[in-house]
Amino acid sequence: MPSSDVIVIGGGPNGLAAATRLAQSGRRVTLVEAQPQVGGGAATTEFHTGYRTSALAHILQGPDARVASAMKLDAHGLRLSTPLTTAVPGIDPLTMQGTFGKVSGLAATDLAAWSELQERLTRFARLLAPMRQMTPPRPAAKAGNDLWNLGKLGLSLRSMGKVEFRELLRMLLINVADVLEDDLTDDRLMGLLAFDATLGAWAGPRSPNSLIVYLNRIAAGETLTLPMGGMGSVAAAMRKAAEAAGVTVLTGSPVDRIDMAADIVIGVTLANGENFAAGAVLSAICPRRTLETLVGPRYLDTGFIRRARAIKSRGGAAKLHLALTGAPHFPAADLTWRIVLAPSVNAVENAFNPVKYGEVPDAPVMEITFPTAHDPSLAPSGHHVLSAVVQFAPHAPKDRDAARAQMLQNTLNVLETAAPGLRPLIAHAEILMPYDIEDRFGMSGGSWHHGDLAVEQMLFLRPFAGVSQYNTPIPGLWLGGAGSHPGGGISGAAGWNAATQLLQGAKP
Ligand SMILES: Cc1cc2nc3c(=O)[nH]c(=O)nc-3n(C[C@H](O)[C@H](O)[C@H](O)COP(=O)(O)OP(=O)(O)OC[C@H]3O[C@@H](n4cnc5c(N)ncnc54)[C@H](O)[C@@H]3O)c2cc1C
């Protein structure tokens, strides 16, 4: 039976980052991935003959600086576009650099208010940024590492001063719409910010605590880029780095179960019945599936399995791919930009409300890119690929096929209004709903973060209290996918943090 020190389950960005970190520290590592290719949400796939794009993630905000540098992603062939401009197109357009940068197209009063708000939110986001690279401290623990992390956190909060600290507390508990409407008046800017704040979340801008998710997003980095060759080239560079470090990568190898002997992890069994022995298993697939399906209730106490089952995992983002026979025209927007169609705070909120009841919004809001405008090799000559994250989409509608068809129609209607003449250019359309994403990629509920990223599932509550430090009550079993701190995105941060903890041999 093949044997390794550690088996990493899942070849998404987090699994690849974790495997590399472990191998670079001298561990013998085997990574097993269910799909024929690595990448998970970052794979580039052909969705129509001759047209390729990123399966889910299309914009890179990161990756984590430690991961990019230790994996030498540039040297392994990763090439990025120039930083993206975001545009709210129309007769009266507005542009922003990246996700939270300089804005043009605003009246002077709103520009001043925006500068003040941007400065304030950036200050708070900077406080959160170091926490992304930290193992969440257990507030009640006596361990030195926890106290050190808690101490660092306490010091940075103390250095803020009372007034600022009170403002931070107010901000953490408030909804994003209130903050925007307190300070700004421009619907285009507020719509864009409300969209960005709720991207990938199961929350509308008026949902309680929605601002903290936005601060976390700003903390992940303000620069947005598109990788040449689609997001799959990030995965390809990560795979090269992993293999260069000595990781054995097995694709087309779904894990059926995590094997145990005397309640200790001893390896995994693949769906084809093949066994692999290992001293530890680090699972970079979603925590709920890992615990409920791959381990199973037999090995977990009732309270623990109940908490695993209670992880909220509600995807609200759909992915649209259009194969276009020519270039569409969005007024005052360049196809190399990121185009956001979210005309106001209420437009974003109205797109969220129906999905709470399993219904499709009449006018979804969306973020659009044209990967072919940066890398023409992704489609036949002169043709284009439109890739869009469309929100919100129900993860559990009554009739899946009807909801998918309705979502596509409503999305195309919004697109046709924004870019008249787009429909006749469509050679093929594909929309992936959250349940399609769950079926294809194994993300519970189709959730962007393998579990809601919300205040009740953040930091030492992620994925739930007791497993927030990447280890579990089962000796030898570790969690390191997007469901763990600091959440998802193409960053590899959770996998890197988990591997670091494993190397330090943290005890449950
Ligand atoms: C619609 C949508 C759009 C998104 N857009 C963006 C974006 O533009 N930018 C961004 O940064 N993020 C985006 N994301 C989020 C991003 O895709 C995820 O957060 C990220 O992929 C998580 O990485 P991961 O490595 O933790 O897991 P994944 O990427 O989900 O990888 C997990 C891997 O595990 C494999 N696997 C599952 N079960 C098994 C098993 N039993 N055995 C072996 N392997 C298994 C899967 O095949 C997969 O390859 C988007 C998400 C969604 C849903």
Side-chain angles (χ1 to χ4, degrees), residues 7-19 31-43 53-64 67 84 99 199-201 217 220-221 224-227 230-231 234-235 238 250-258 268-271 281 283-287 289-290 293-294 313 315-321 338 366-367 369 371 387-393 395 431-451 453 479-484 486-496 498:
I7 290 173
V8 174
I9 306 176
N14 280 311
L16 288 162
L31 180 147
V32 278
E33 163 56 46
Q35 300 283 332
Q37 77 285 323
V38 294
T53 192
S54 307
L56 293 180
H58 60 168
I59 294 182
L60 190 63
Q61 184 187 7
D64 181 280
V67 174
L84 294 185
T99 177
L199 186 61
R217 178 168 156 81
L224 305 177
T225 54
L226 292 188
M231 204 59 84
V234 179
M238 284 184 142
L250 302 176
T251 51
S253 304
V255 171
D256 185 53
R257 64 168 189 273
I258 293 171
V268 301
T269 299
L270 302 187
V281 169
S283 175
I285 71 167
C286 62
R289 263 180 194 237
T290 303
T293 313
L294 299 189
S313 203
K319 189 75 198 298
L320 174 77
H321 303 136
R338 165 186 181 243
M366 65 196 84
E367 153 190 280
T369 62
S387 165
V389 175
V390 187
Q391 295 197 153
F392 290 84
H395 68 286
I431 192 155
L432 301 175
M433 298 292 273
Y435 39 91
D436 299 321
I437 292 169
E438 171 161 14
D439 291 349
R440 197 186 289 188
F441 300 95
M443 299 164 149
S444 279
S447 164
W448 181 295
H449 299 281
H450 292 189
L453 192 67
L479 301 174
S484 294
I490 308 307
S491 86
W496 200 262

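All of these numbers come straight from a predicted model, not from anything done at the bench. When a ligand or atom number is given, it counts from 1 through the structure's own listing order.
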Q. Considering only heavy atoms, which of Gly12, Gly10, Pro13 lies nearest to atom 23 (O) of ligand 1?
A. Pro13

Q) Just heavy atoms, cut-off under 4.0 Å: does Ile9 contact ligand 1 by side chain, backbone, both, or neither? A) side chain

Q) How close does the nearest protein non-hydrogen atom get to atom 9 (N) of ligand 1, and which residue and atom is it? A) Ile59 O, 2.8 Å

Q. Got Thr251 and Pro36 here, is their nearest side-chain heavy-atom distance under 4.5 Å?
A. no

Q) Considering only protein heavy atoms, which is closest to atom 25 (O) of ligand 1, and at what distance to one decimal place? A) Asn14 N, 2.8 Å

**Q.** Subset of ligand 1 atoms that lie under 4.0 Å from at least one heavy atom of Gly40
**A.** 29 (O), 31 (O), 48 (C), 49 (O)

Q) Under 3.5 Å, is there a donor-acceptor pair between the side chain of Ser313 and the main chain of Ser444? A) yes

Q | Backbone of Gln37 reached by a side-chain donor or acceptor of Gln35 within 3.5 Å | A | no

Q | Distance filter under 4.0 Å to Gly488 heavy atoms, resulting ligand 1 atoms | A | 19 (O)

Q: Report the part of Arg289 (side chain from C-beta onward, or backbone N, CA, C, O) that has a heavy atom under 4.0 Å from ligand 1; answer both or neither where that applies.
A: neither

**Q.** Proximal candidate to atom 45 (C) of ligand 1 [heavy atom criterion; set Thr251, Leu250, Val8, Ile285]
**A.** Ile285

Q.
Using a 4.0 Å cutoff against the non-hydrogen atoms of Val32, which atoms of ligand 1 qualify?
A. 43 (C), 44 (N)

(Q) Can you confirm whether Leu294 sits close enough to Arg289 that some side-chain heavy atom of one is under 4.5 Å from a side-chain heavy atom of the other? (A) no

**Q.** From the candidates Gly442, Gly481, Gly446, the one that places a heavy atom nearest atom 53 (C) of ligand 1
**A.** Gly446

Q | Stepwise side chain to side chain contact (heavy atoms under 4.5 Å, CB included) test for Thr99 and Arg217 | A | CA-CA 9 Å; Thr99 177; Arg217 178 168 156 81; 3.6 Å; yes

Q. Which residue holds the protein heavy atom closest to atom 22 (C) of ligand 1, what is that atom called, and what is the gap in Å?
A. Ala482 CB, 3.8 Å

Q: Considering only non-hydrogen protein atoms, determine which one is nearest to atom 2 (C) of ligand 1 and report residue, atom name and distance to 0.1 Å.
A: Trp448 CE3, 3.8 Å

Q) Does at least one non-hydrogen atom of Gly315 fall below 4.0 angstrom from an atom of ligand 1? A) no

Q) What's the shortest distance from atom 29 (O) of ligand 1 to any protein heavy atom, and which residue and atom give it? A) Gly41 N, 2.9 Å

**Q.** Residue and atom name of the nearest protein heavy atom (relative to atom 49 (O) of ligand 1), distance in Å to one decimal
**A.** Glu33 OE1, 2.6 Å

Q. Is Ser447 reaching over with its side chain to a backbone N or O of Gly315, donor-acceptor style, under 3.5 angstrom?
A. no

Q. Has ligand 1 got any nitrogen or oxygen that is less than 3.5 angstrom from a nitrogen or oxygen of Ala317?
A. no

Q.
What protein heavy atom lies closest to atom 40 (C) of ligand 1? Include the residue and the distance to one decimal.
A. Val255 N, 3.7 Å

Q: Select the closest option to atom 43 (C) of ligand 1 among Ala34, Ala318, Gly11, Pro434, judged by heavy-atom distance.
A: Ala34

(Q) Applying a heavy-atom cut-off of 4.0 Å, say which part of Met443 lies close to ligand 1: side chain, backbone, both or neither. (A) side chain

Q. Between the side chain of Asp256 and the main-chain N/O of Ala271, is any donor-acceptor distance below 3.5 Å?
A. no

Q. Is there a donor-acceptor contact under 3.5 Å linking the side chains of Lys319 and Ser387?
A. yes

Q. Below 4.5 Å, heavy atoms only, C-beta onward: do Trp448 and Ile437 meet side chain to side chain?
A. no

(Q) Can you see whether Thr369 engages His58 through a side-chain donor-acceptor pair at a distance of less than 3.5 angstrom? (A) yes

Q) For the side chain of His449 and the backbone of Gly487, is there at least one donor-acceptor N/O pair under 3.5 Å apart? A) no

(Q) Starting from atom 27 (O) of ligand 1, what is the nearest protein heavy atom, named by residue and atom, and what distance separates them? (A) His450 CE1, 3.1 Å

Q | Gln61 side chain to Gly221 backbone, donor-acceptor under 3.5 Å | A | yes

Q | Sub-4.0 Å atoms of ligand 1 with respect to non-hydrogen atoms of Gln35 | A | 47 (O)

